[in-house]
Amino acid sequence: MTEEKTIFKRIIDKEIPAKIVYEDDLCLAFHDVSPQAPVHVLIIPKTTELRSLDDVAPKDEALIGHIFVVIQRLARELGIAENGYRVVSNCGVNACQTVPHLHFHLIGGRGFSWPPG
Ligand code: DGP
């Protein structure tokens, strides 16, 4: 049985539109459809193997490192690096993950509180 594509895989395959801010062979970054801050971008690997952070294995170290380098560059390009930003990966039910494709939220442009809700 073939698993149904997630919404993120459909964005990767350009089947549905997204405001893409960065793309390379390994990852894609686009504006979140429901922004929680003035800047809210999602960075996702193109592989569909990783449904969440919990699926990441030692073989993925280079990919995850690459994604974080991209996140840092995007934070600078999007003008949120100077005042600070937050990177979030919701993993599983307790963290309210809704899309089963590993993703990192890059949010900034306002102050955040801690602890998170
Ligand atoms: P999470 O709760 O961590 O699984 O976050 C999923 C995020 O994905 C959520 O902030 C909304 C965003 N999202 C869901 N569907 C779409 C879509 O079709 N387009 C875009 N750009 N973002 C989406």
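We count ligands from 1, going down the list as the structure has it; atoms in each ligand are counted the same way.
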Quick one: look at [X] and ligand 1, take heavy-atom pairs under 4.0 Å, and tell me if it's side chain, backbone, both or neither.
| X | value |
| --- | --- |
| H103 | side chain |
| F104 | neither |
| S89 | neither |

Do [X] and [Y] touch side chain to side chain, with heavy atoms closer than 4.5 Å?
| X | Y | result |
| --- | --- | --- |
| V99 | L42 | no |
| I71 | F104 | yes |
| L63 | L50 | yes |

key: ligand 1 contacted by V88 (non-hydrogen, < 4.0 Å)   =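 No; V88 lies far enough from ligand 1 that no heavy-atom distance drops under 4.0 Å.
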ask   = Of all the heavy atoms in H105, does at least one lie under 4.0 Å from an atom in ligand 1?
value =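 H105 counts as a contact of ligand 1 under the 4.0 Å cut-off.
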Looking only at protein heavy atoms, which one is nearest to [atom], and what is the separation?
| atom | answer |
| --- | --- |
| atom 15 (N) of ligand 1 | I7 CG2, 4.0 Å |
| atom 8 (O) of ligand 1 | F8 CZ, 3.4 Å |
| atom 4 (O) of ligand 1 | T98 N, 2.7 Å |
| atom 9 (C) of ligand 1 | D32 OD2, 3.3 Å |
| atom 16 (C) of ligand 1 | V33 CG1, 3.7 Å |
| atom 21 (N) of ligand 1 | H31 O, 2.9 Å |

ask   = Quick check: does any side chain N or O of K9 sit under 3.5 Å from a backbone N or O of E4, one acting as donor and the other as acceptor?
value =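 No, K9 side chain to E4 backbone: no donor-acceptor pair under 3.5 Å.
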ask   = Can you name the one residue among I64, D60, I43 that meets side chain to side chain contact (heavy atoms under 4.5 Å, CB included) with L102?
value =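 In the set I64, D60, I43, the residue that makes a side chain to side chain contact (heavy atoms under 4.5 Å, CB included) with L102 is I64.
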task = Tell me, with the steps shown, if E49 and D55 meet side-chain contact (heavy atoms from CB on, under 4.5 Å).
result = CA-CA 8 Å; E49 265 182 31; D55 284 338; over 6 Å; no
task = Taking all heavy atoms of C27 and all of Y22, pick out the closest pair and write down the distance.
result =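 C27 and Y22 have their closest heavy atoms at SG-CE2, 4.0 Å.
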task = With sequence neighbours left out, write down each residue that passes ring pair (Phe, Tyr, Trp, His ring centres under 6.0 Å) with F8, or none if nothing qualifies.
result =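 Applying ring pair (Phe, Tyr, Trp, His ring centres under 6.0 Å) to F8 gives F30, H103.
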Should you measure from each heavy atom of [X], which atoms of ligand 1 turn up under 4.0 Å away?
| X | value |
| --- | --- |
| V99 | 4 (O), 6 (C) |
| N90 | 1 (P), 2 (O), 3 (O) |
| I11 | 19 (N) |
| C96 | 2 (O) |

inquiry  = How about CZ on R110, more than 12 heavy atoms from neighbouring residues, nucleotides or ligands closer than 6.0 Å, or not?
reply    =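 Above 12, so yes.
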message = I'd like to know if V56 and F68 are part of one continuous hydrophobic network [Ile/Leu/Val/Met/Phe/Trp/Tyr, side-chain heavy atoms within less than 4.5 Å].
response =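 Shared cluster, yes.
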